[in-house]
Asker: 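Can you keep this structure in mind? I'll have questions shortly.
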Amino acid sequence: MLYFNKNAGFSIGIDLGVNYALAILTDLQGNILEREEITITDKEPAAVFQQLKSLIESIGVKSPDSPYGIIGIGVGVPGIINNEGRILFAPNLDWHGVHLKEYLEEHFNVPITIENEANAGAHGEKIYGGGRDSSNLIYVSIGVGIGAGVVIRDQLYRGALGISGEVGHFTIESNGKRCECGNKGCWELYSSESAIINRLNPHFSDEDLTLEVLIKKAQQGNMEVINTFSQVGEFVGIGLANIINSFNPEQIIIGNRFSKLEKWLQNPIKLVLQQRLLPYFYETTSVTFSNQGIYSCALGSSAFAIERFLSANKVTVV
């Protein structure tokens with residue numbers, strides 16, 4: 001006699017990257033109604049905050065009429081976020097102790113949820129994506145940097161302070177390159193979008209390289225690019241082997257920008273895992289690429305806002 005009205009309100013989910021921000025408008029079941037993406041060139045917090053404010057306003061006005069309107073905003077940020085939603089450190093943005101939550105609360109009269117983007121991606125995959133049938137999974141977000149969202153027994157694991165999953169700063173080379181986090185030889189220096197572009201810049205010095213440009217070159221058969229994708233895929237495999245040995249998950253989902261590289265990464269990753277994992281691990285762990293593509297984080301961010309809204313509006317049956 002009762003049914004769930006998915007159009008009673010709408011949520012905004014944002015994936016804040018290092019050089020972009022992707023916003024989606026969803027109904028209360030997570031269906032994407034609108035999407036907008038902007039480029040970020042100035043990483044200063046004040047400049048990014050203003051761009052996010054404009055982006056939220058732009059997509060928010062596209063919300064259909066509904067009883068509750070916009071019920072919340074969730075933002076996934078590539079950095080260390082504590083349990084109160086404060087951005088403690090975002091190395092690839094060079095942010096320290098940034099109060100994005102407070103800024104958005106001043107401008108929008110709705111609940112604001114700030115979460116690590118990999119945690120948001122893991123949540124998006126668990127609720128809406130390829131992780132729905134796995135109780136223990138790890139979502140590995142690979143873009144300019146690398147992070148992981150860990151789901152244990154169907155619950156997102158955040159760690160004691162809410163800052164778990166910084167796998168991009170695993171050391172895979174003891175005296176390797178210096179990372180912006182202060183460490184040397186971090187995994188993300190060898191396995192990320194930045195690593196690919198840094199490797200290929202000398203070969204295409206007259207071009208403004210982006211991942212999309214390089215994908216196009218690979219599709220056209222450029223062997224320099226294809227070989228680089230394969231080499232980086234091997235480093236991805238090394239990091240995944242460490243994760244599998246540490247957590248023994250049912251499933252690993254590779255998402256964010258590297259979901260676009262499945263065609264070139266899947267074979268080198270598989271080969272490395274075959275070589276480096278014990279059969280017990282290799283044969284029982286599913287490694288897949290996200291079927292949500294670049295939307296996992298934004299969907300998970302939206303889901304956090306929806307769950308917060310629904311938890312405050314429960315119907316009690318007497």
Side-chain angles (χ1 to χ4, degrees), residues 11-26 32-60 62 73-81 87 89-95 98 100 103-104 112-125 129 139-147 149 168 180 188 191-198 200-201 207-216 232 254-262 289-290 292-302 304-305:
S11 175
I12 294 175
I14 296 177
D15 173 9
L16 174 61
V18 175
N19 49 24
Y20 70 90
L22 170 66
I24 61 172
L25 178 74
T26 77
I32 298 175
L33 307 180
E34 301 285 347
R35 64 202 79 196
E36 290 188 27
E37 184 171 354
I38 60 173
T39 299
I40 292 175
T41 55
D42 187 346
K43 298 178 184 177
E44 283 297 314
V48 176
F49 286 10
Q50 182 58 47
Q51 283 193 283
L52 287 178
K53 176 176 175 288
S54 298
L55 179 61
I56 291 168
E57 290 171 342
S58 175
I59 200 165
K62 298 177 181 178
I73 300 168
V75 185
V77 178
I80 297 174
I81 318 295
I87 303 168
F89 181 42
N92 291 312
L93 287 167
D94 195 24
W95 285 4
V98 172
L100 175 59
Y103 174 85
L104 294 179
I112 306 295
T113 303
I114 308 295
E115 182 58 89
N116 171 269
E117 62 88 17
N119 284 349
H123 194 56
E125 290 290 339
Y139 171 80
V140 182
S141 170
I142 311 181
V144 172
I146 303 177
E180 291 185 14
E188 69 178 38
S191 309
S192 61
E193 182 178 348
S194 297
I196 289 176
I197 291 174
N198 289 338
L200 289 171
N201 261 330
E207 296 184 55
D208 183 18
L209 291 187
T210 64
L211 191 63
E212 287 70 26
V213 168
L214 294 174
I215 288 172
K216 186 173 181 180
V232 168
I254 301 169
N256 201 341
R257 303 270 290 164
F258 265 36
S259 62
K260 299 180 178 183
L261 301 181
E262 178 178 2
F289 285 76
S290 170
Q292 300 295 330
I294 62 173
Y295 293 103
S296 301
C297 172
L299 279 167
S301 299
S302 176
F304 285 132

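Along the sequence shown, the residues carry numbers beginning at 1.
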Asker: Could you give me the CA-CA distance, side-chain angles and deciding distance for Val140 and Ile146, then say whether side chain to side chain contact (heavy atoms under 4.5 Å, CB included) is met?
Answerer: CA-CA 7 Å; Val140 182; Ile146 303 177; 4.0 Å; yes

Asker: Only counting residues at least two apart or in another chain, list the ones meeting salt bridge (Lys or Arg N to Asp or Glu O under 4.0 Å) with Glu262.
Answerer: none

Asker: Name all residues meeting the side-chain contact (heavy atoms from CB on, under 4.5 Å) criterion together with Asn201; count only those two or more places apart in sequence or in a different chain, and write none if there are none.
Answerer: Ile197, Asn198, Leu209

Asker: Donor-acceptor pair, distance only, cut-off 3.5 Å: does the side chain of Ser301 make one with the backbone of Cys297?
Answerer: yes

Asker: Among all residues two or more places apart in sequence or in another chain, which pass the side-chain contact (heavy atoms from CB on, under 4.5 Å) test with Ser11?
Answerer: Thr26, Ile71, Ser302, Ala305, Ile306

Asker: Residues in salt bridge (Lys or Arg N to Asp or Glu O under 4.0 Å) with Glu37, at least two apart?
Answerer: none

Asker: Would one find more than 12 heavy atoms of other residues, nucleotides or ligands at under 6.0 Å from atom NZ of Lys62?
Answerer: yes

Asker: Locate the shortest heavy-atom distance separating Phe289 from Ser259; write the atom from each residue and the value.
Answerer: CD2-CA, 4.0 Å

Asker: Are the side chains of Phe49 and Leu100 in contact, using a 4.5 Å heavy-atom criterion?
Answerer: yes

Asker: I'd like to know whether Tyr20 forms a side chain to side chain donor-acceptor pair (under 3.5 Å) with Asp15, so could you lay out the CA-CA distance, the side-chain angles of the two residues, the decisive distance to 0.1 Å, and finally the verdict.
Answerer: CA-CA 8 Å; Tyr20 70 90; Asp15 173 9; 2.9 Å; yes

Asker: Lys53: what forms a side chain to side chain donor-acceptor pair (under 3.5 Å) with it, not counting sequence neighbours?
Answerer: Glu57

Asker: List for me each residue that meets side-chain contact (heavy atoms from CB on, under 4.5 Å) alongside Asp208, sequence neighbours excluded, and say none if there are none.
Answerer: none

Asker: Check each of Asn116, Val75, Leu93, Ile81 against Ile87 using the side-chain contact (heavy atoms from CB on, under 4.5 Å) test, and report the only one that passes.
Answerer: Ile81

Asker: Evaluate side chain to side chain contact (heavy atoms under 4.5 Å, CB included) for Val232 paired with Phe258, printing each intermediate quantity in order.
Answerer: CA-CA 11 Å; Val232 168; Phe258 265 36; 4.0 Å; yes

Asker: If you take all heavy atoms of Ile14 and Ile73, which pair is closest and at what distance?
Answerer: CD1-CG2, 4.5 Å

Asker: Where is the tightest heavy-atom contact between Ala195 and Ser191, given as atom of each residue plus distance?
Answerer: CB-N, 3.8 Å

Asker: Using a 3.5 Å distance criterion without hydrogens, assess whether the side chain of Glu188 forms a donor-acceptor pair with backbone atoms of Gly143.
Answerer: no

Asker: Check the pair Leu211 / Leu261 against side chain to side chain contact (heavy atoms under 4.5 Å, CB included), numbers first and verdict last.
Answerer: CA-CA 9 Å; Leu211 191 63; Leu261 301 181; 4.1 Å; yes

Asker: Could you tell me whether a side-chain N or O of Glu36 sits under 3.5 Å from a main-chain N or O of Ala23, the two making a donor and an acceptor?
Answerer: no

Asker: Determine all donor-acceptor pairs shorter than 3.5 Å in which one atom belongs to a side chain in residues 117-124; sequence neighbours excluded.
Answerer:
residue: Glu117; atom: OE1; partner: Ser141; partner atom: OG; Å: 2.9
residue: Glu117; atom: OE2; partner: Ser141; partner atom: OG; Å: 2.9
residue: Asn119; atom: ND2; partner: Glu115; partner atom: OE2; Å: 3.2
residue: His123; atom: NE2; partner: Glu307; partner atom: OE1; Å: 3.0
residue: His123; atom: NE2; partner: Glu307; partner atom: OE2; Å: 2.7

Asker: Run the ring pair (Phe, Tyr, Trp, His ring centres under 6.0 Å) test against Phe89 and tell me which residues pass, sequence neighbours left out.
Answerer: His96

Asker: Partners of Ser192 by side chain to side chain donor-acceptor pair (under 3.5 Å), sequence neighbours excluded?
Answerer: none

Asker: Could you list the residues that satisfy salt bridge (Lys or Arg N to Asp or Glu O under 4.0 Å) with Lys43, not counting sequence neighbours?
Answerer: none

Asker: Which heavy atom of Ile40 sits nearest to which heavy atom of Gln51, and what is that distance?
Answerer: CG1-OE1, 3.7 Å

Asker: Please list, chain by chain and in numerical order, all residues satisfying side-chain contact (heavy atoms from CB on, under 4.5 Å) with Thr210, sequence neighbours excluded.
Answerer: Glu212, Val213

Asker: Ignoring hydrogens and geometry, is there a side-chain-to-backbone donor-acceptor pair from Asp42 to Glu44 under 3.5 Å?
Answerer: yes

Asker: Among all residues two or more places apart in sequence or in another chain, which pass the salt bridge (Lys or Arg N to Asp or Glu O under 4.0 Å) test with Glu180?
Answerer: none

